[in-house]
Amino acid sequence: QKEVEQNSGPLSVPEGAIASLNCTYSDRVSQSFFWYRQYSGKSPELIMSIYSNGDKEDGRFTAQLNKASQYVSLLIRDSQPSDSATYLCAVKGRRGNNLFFGTGTRLTVIP
Amino acid sequence: GAVVSQHPSWVICKSGTSVKIECRSLDFQATTMFWYRQFPKQSLMLMATSNEGSKATYEQGVEKDKFLINHASLTLSTLTVTSAHPEDSSFYICSASEGPNTEAFFGQGTRLTVV
């Protein structure tokens, strides 16, 4: 079983819609969760971090965490064409700061 | 956020040669640096974790004699791909953090092509 699993997509949404990205993880004791955005040929950039159950909002982005279900999600409101990218879910490992990444979900926002 | 600089951003080398990639933390001291590899349309896979002044810890399946990691200072870690082969062609990305419970920041990545 993979440490972090995501639907690879592609996910297409019209401009202005809400994009919903999902992620599950296998290690029940994980405490730190991250969403990264990666444009083609570029390094990942951090969008959101979440550590406790519930919702965390930052601008158009909302991260949701449910530790009981081992589930993390990212909502992007008012999606823009510039949001088109691959979104990577990452979970911090037990050893130091190493991150385990999902395979990413490719999002396309259609103008 | 903090700045991590990776160099070069791309490199092409011949089979059998060695390539060195540098990862520098520009405005903080990185006690820990991580090296990842990403093949096309795949996720980032952790190769190794390096702590300043000590030997790197390699993930299972990563050859430590082929991928040499040096973390001699708090601001610099290097990854040397020795005797490169075409199958080593990939996107190599480093990340750095100040400590075990702090955020890790990514470098820009290095696109390695072995011909």
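Quick caveat, the model's predicted, so the values are computed rather than measured. Protein chains get the first letters and strands the later ones, always in sequence-line order, with residue 1 at the start of each.
The minimum heavy-atom distance between B/Phe91 and A/Lys42, with the atom names listed, is CE2-O, 3.5 Å. The two residues B/Ser43 and A/Thr103 make their nearest non-hydrogen contact at CB-CA, 3.4 Å.
In the hydrophobic clustering of this structure, A/Phe61 groups with A/Phe33; members are Ile, Leu, Val, Met, Phe, Trp, Tyr whose side-chain heavy atoms approach within less than 4.5 Å, directly or through other members. Linking Ile, Leu, Val, Met, Phe, Trp and Tyr residues whenever their side-chain heavy atoms come within less than 4.5 Å places B/Val81 and B/Val62 in a single cluster. Cluster annotation: B/Leu76 and B/Leu74 are assigned to distinct hydrophobic clusters (Ile/Leu/Val/Met/Phe/Trp/Tyr, side-chain heavy-atom contacts under 4.5 Å, transitive). Tracing side-chain contacts under 4.5 Å through hydrophobic residues (I, L, V, M, F, W, Y), one reaches B/Trp10 starting from B/Val115; they form part of the same cluster. In the hydrophobic clustering of this structure, A/Leu11 groups with A/Ile47; members are Ile, Leu, Val, Met, Phe, Trp, Tyr whose side-chain heavy atoms approach within less than 4.5 Å, directly or through other members.
Chain B forms more heavy-atom pairs under 4.5 Å with one residue of A/Gly104, A/Gly102, A/Ser40 than with any other, namely A/Gly102.
Neither the backbone nor the side chain of A/Phe34 comes within less than 4.5 Å of any heavy atom of chain B. Neither the backbone nor the side chain of A/Gln6 comes within contact range of chain B, judged by heavy atoms closer than 4.5 Å.
More than 12 heavy atoms of other residues, nucleotides or ligands lie within 6.0 Å of NZ in A/Lys67, so this atom counts as buried by the packing criterion. Other residues, nucleotides and ligands contribute over 12 non-hydrogen atoms within 6.0 Å of the NZ atom of B/Lys66.
A/Phe101 contributes atom CZ, which lies 9.0 Å from atom CD of B/Gln38 (distance to the nearest 0.5 angstrom). With values rounded to the nearest 0.5 angstrom, B/Ser97 atom OG is found 9.0 Å from A/Leu99 atom CG.
Remark: the backbone N or O of B/Phe106 is not paired with any side-chain donor or acceptor of A/Ser43 at under 3.5 angstrom.
Side-chain contact between B/Leu44 and A/Leu88 is present, with heavy atoms from C-beta onward closer than 4.5 Å.
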